[in-house]
Number of protein chains: 2
Amino acid sequence: MTNIRVLLVDDHPVVRAGLRAMLADFEGVQVVAEAADGGAALAELSKLHTLGEPVDVVLMDLQMGSGMDGVTATGKIKAGEAGTPPPPVLILTTYDNDADILAAVEAGASGYMLKDAPPEQIRQAVVSAAAGQTALAPEVAARLMGRIRNPVHALSAREVQLVELLATGMSNRAMARELFISEATVKTHLVHIYSKLGVDNRTAAIAVATQRRIIRSQ
Amino acid sequence: MTNIRVLLVDDHPVVRAGLRAMLADFEGVQVVAEAADGGAALAELSKLHTLGEPVDVVLMDLQMGSGMDGVTATGKIKAGEAGTPPPPVLILTTYDNDADILAAVEAGASGYMLKDAPPEQIRQAVVSAAAGQTALAPEVAARLMGRIRNPVHALSAREVQLVELLATGMSNRAMARELFISEATVKTHLVHIYSKLGVDNRTAAIAVATQRRIIRSQ
DNA sequence: CCGCGGATCAACCGTTCGGTTGATTGGGCA
DNA sequence: TGCCCAATCAACCGAACGGTTGATCCGCGG
């Protein structure tokens, strides 16, 4: 009996039902619990642990409407309780953005799949994760490769800071005051940012940065 | 036999499986077909129609990764084939923002639900839609109410359209071309938008509009 | 050690944006 | 019918932005 015990984490009942139905069709995979956000997921994990029914794989959405988000939860799961090896976390989300993927990987996720993946691919990923291997969706893998091969378009930390202020609607002067630098410097940074993002004005920069999840919106 | 025949439209296999499983639990509701995008949905509709097995309700996601999007599909479904009353379209999506809701309603959607809604609420919506009634998620209804109660700060449909383009980083001239109006008109709209949002420049307008969910952030 | 790149600043200039005033049209409502 | 408002356009002007050139300082790595 090599049953893989899975914890589902997603704030959408519809998606949970879909994953449950989908995984039910697979031999050797069993959904043992569900949670609507990261906090509930941690609670379930510790509950199941004390019951002596450990979880083999956590299958989790990255963006949760309310409560603890996926990245934070991944970190906390990986930090885990001493003595018990934390279960692999497989991220299953809608978007394939650089920032999301990097954040997930950084937090310790062992896989990153897209929700539009065919069932078989998701099953593969769960099995791989349970075996301690890394499972990346082809699109995601391609994106990571692209980043490594071509770091030209990466913004520096200072530039990211500028873009964040930019997105709040601040003028050059306001940003200059905020960062204790001159307006000239702000403009220089902006020019570099435009160049790296392939745009030619601040609003387009915000659009691209938001879309690429260089900054987070809302 | 009052069976409600449903067509599912969503580009995520996981979500389709979830809705299928969820609706299977309900008496009187039957999923008769599925489609991955708007184009496939139209094809299914006409196929089922010629087979003499009409669809009672279309349950559709608003944003489809590829192919025809939900708003366009809703419009085409409502345009329909002459002689046959088009089925009600129930939108089921992740985001609740003014722009999406207005676009969906304008295209002829008869309901707007959020994916994080509990199963019972979704069932209610399907039944209501089949009965020719309008079904709005509480959050959505509240948003529309807010718009009606407090029209001072409410943007007109045209202004919302402007803000959407604004957020993509377009210049006044580009927006003018896009909307087939003069740059002067664009500026007039922007001034009204700034005034209603309580800001004094475009980037701040985007920030506020995003925060108030007038437009989708993502 | 020297080069490279990031961060900082200055001066200049053309373009775009922001704000104002004023005007017309058409739809909805009293 | 007459009024209000949204939508459309024009002209104008000051302020802010966008782009360029050129410069200094500093830390990292070959």
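Just so you know, these numbers use all the heavy atoms, side chains as well, and skip hydrogens, waters and symmetry mates. So you know, we letter chains A, B, ... as the sequences are listed, proteins then strands, and number each from 1.
A:Asp200 is not listed as a side-chain neighbour of A:Tyr194, based on a closest heavy-atom distance of 4.5 Å or more. When side chains are defined from C-beta on, B:Val9 does not count as touching B:Glu34, because their heavy atoms never get closer than 4.5 Å. Residues B:Val32 and B:Glu53 fail the side-chain proximity criterion, which asks for heavy atoms closer than 4.5 Å. Between B:Asp11 and B:Asp37, every side-chain heavy-atom pair lies at or beyond the 4.5 Å cut-off.
Straight-line distance from the CG atom of B:Leu197 to the C1' atom of C:dG18: 15 Å, rounded to whole Å. The CD-P distance, from B:Gln161 to D:dA6, rounds to 16 Å in whole Å. A:Arg173 has its CZ atom 14 Å from the P atom of D:dG18, to the nearest Å. Look at CG on A:Leu162: it is 9 Å from P on C:dA7, rounded to the nearest Å. For B:Leu179 and D:dT8, the CG to P distance is 8 Å, given to the nearest whole Å. Rounded to an integer number of Å, the gap from A:Asp200 CG to C:dC17 C1' is 14 Å. The CD1-C1' distance, from A:Ile193 to D:dG18, rounds to 13 Å in whole Å. In this entry the distance linking CG of B:Leu190 with C1' of D:dC17 reads 16 Å, nearest Å.
Comparing A:His192 and B:Lys187 along DNA chain C, the residue whose closest nucleotide (by nearest heavy atom) sits nearer the 5' end is A:His192.
When each of C:dG18, D:dC9, C:dC9 is scored by its nearest atom to the side-chain atoms of A:Ala184, the top-ranked nucleotide is C:dC9. For A:Val191, taking side-chain heavy atoms from C-beta onward, the closest of the listed nucleotides D:dC17, C:dG19, D:dT20 is D:dT20. The side chain of B:Arg202 approaches C:dC17 more closely than any other nucleotide in the set D:dC17, C:dT8, C:dC17.
Side-chain atoms of B:Ser171 and base atoms of C:dC17 include no donor and acceptor less than 3.5 Å apart.
Close to D:dT8, at under 4.0 Å from its OP1 or OP2, lies a side-chain N or O of B:Arg158. Within the structure, a side-chain polar atom (N or O) of B:Asn172 is placed less than 4.0 Å from OP1 or OP2 of C:dC17. When the side-chain nitrogen and oxygen atoms of A:Tyr194 are compared with OP1 and OP2 of D:dG19, none of them lie within a distance under 4.0 Å. For B:Ser182, a side-chain nitrogen or oxygen approaches OP1 or OP2 of D:dC9 to under 4.0 Å.
When all heavy atoms of B:Leu8 and B:Arg16 are compared, the pair lying nearest together is CD1-O, 3.7 Å.
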